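Notes follow once the structure below has been shown.
Atoms within each ligand, like the ligands themselves, are counted from 1 in listed order. Given the structure is predicted, the values throughout are model-derived calculations rather than measurements. Just so it is clear, the values below take in all heavy atoms, side chains as well, and ignore hydrogens, waters and symmetry mates.
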Amino acid sequence: MPLYVEKKPDVLITEDGVRTDGRLPHEIRPIRMTVGILDKADGSAFIEWGGNRILTAVFGPREVHPKHLALPDKALIRTRYNMAPFSTPERKRPGPDRRSVELSKVIREAIKPAIFVENYPGSVIDIFVEVLRSDAGTRVAGVNAASLALANAGIAMRGLVAACAVGRVENFIICDPNHDEDMWGDADMPMAMLMESEKITLLQTDGPMTDEQFKEALEMGRRCIRFLYEMQKEALKRPYLIVERSVFEQGEV
Ligand code: UDP
């Protein structure tokens, strides 16, 4: 018998657009970004976003093992997304599973367009995304932190990649879905952009939206991501210090 049974809240969003955690549709959960906290890694970052706690570490460019994986003309980019057994309400079985393999790929594909891979032929850049505590939106939090860790490692990049999820609960388009909204909302849409060109490098959707709703979600996602990007730049200017933002003020997004 499961020790923990999730219960759908009676009201996911009120008629006035108030969400289960008291936020309005355009409000992001509190965020903190810390860069350069692991002295054994070439680059690192820690992100606290709502209830998420995610540590990222970058190693490289370094020699590829096993050697046959090396690419002659560019760097190999490897990512590992991993959830700690204590990161979820129910103990998560340690080790890779289908979801972690998928999210490792999703994060790699979101980040890779930013890296000048041709600058590092024959080498590998390893990116570790360790979820210590999860609260929905771990893939986008992981993308933000991985991007910071790469910059902290001094990897040549076109620009930072910033990410945020948006979603739909009933008739409201919301940004940064929380656990309840991720689980019982009508749609979830994680997005990432390479900020130098604002090119979208990640866009997934898992629920129905009309054309209008999709356009609104896309625009809200862009605006949230620009906000995250401003935080990332601040975090990089002051490594080893925390950049902190609380929930958005109304109208900021
Ligand atoms: N989750 C969980 N156990 C799992 C996988 C996910 O409790 O084995 C929770 C976790 O809080 C996660 C959320 O479900 O953040 C949403 O997971 P999803 O696969 O949608 O990815 P995410 O939103 O974290 O990128």
Got the closest protein heavy atom to atom 11 (O) of ligand 1, with its distance?
-> S134 OG, 2.9 Å
Nearest protein heavy atom with distance in Å, relative to atom 2 (C) of ligand 1 | T88 CG2, 3.4 Å
Identify the protein heavy atom lying closest to atom 23 (O) of ligand 1, giving its residue, its atom name and the separation to 0.1 Å.
-> G137 N, 2.8 Å
Consider every N or O of K92 and every N or O of ligand 1, then say whether any pair is closer than 3.5 Å.
-> no
So for P190 against ligand 1, with non-hydrogen atoms under 4.0 Å, the contacting part is neither
Is D126 salt-bridged to R62, going by a charged N under 4.0 Å from an acidic O?
-> yes
Close N or O approach (A136, ligand 1; < 3.5 Å) = yes
Evaluating non-hydrogen atoms only, which member of E90, R139, R93, H179 is closest to atom 21 (O) of ligand 1?
-> R139
Ligand 1 N/O within reach of T138 N/O, cut-off under 3.5 Å | yes
Does any N or O atom in R99 lie less than 3.5 angstrom from one in ligand 1, N or O only?
-> yes
Looking at E118 and R158, does any basic side-chain N land under 4.0 Å from a carboxylate oxygen?
-> yes
For ligand 1, does D135 get within less than 4.0 Å through its side chain, its backbone, both, or neither, judged by non-hydrogen atoms?
-> backbone
Output yes when E102 and R99 qualify as a salt bridge under the 4.0 Å nitrogen-oxygen rule, no when they do not.
-> no
For the residue pair M193 and I225, what are the closest heavy atoms and their distance?
-> CE-CG2, 3.8 Å
Ion pair present between R168 and E216, side-chain N to carboxylate O less than 4.0 angstrom?
-> no
Proximity to ligand 1 by part of D182, non-hydrogen separation under 4.0 Å | side chain
Per-atom contacts of ligand 1 with P89, taking only distances under 4.0 Å to non-hydrogen atoms = 7 (O)
Is it the case that S147 and N144 place a side-chain donor and acceptor less than 3.5 Å from each other?
-> no
For residues D21 and N178, is any side-chain donor paired with an opposing acceptor at under 3.5 Å?
-> yes
With a 4.0 Å cut-off, would you call K105 and E109 a salt bridge?
-> yes
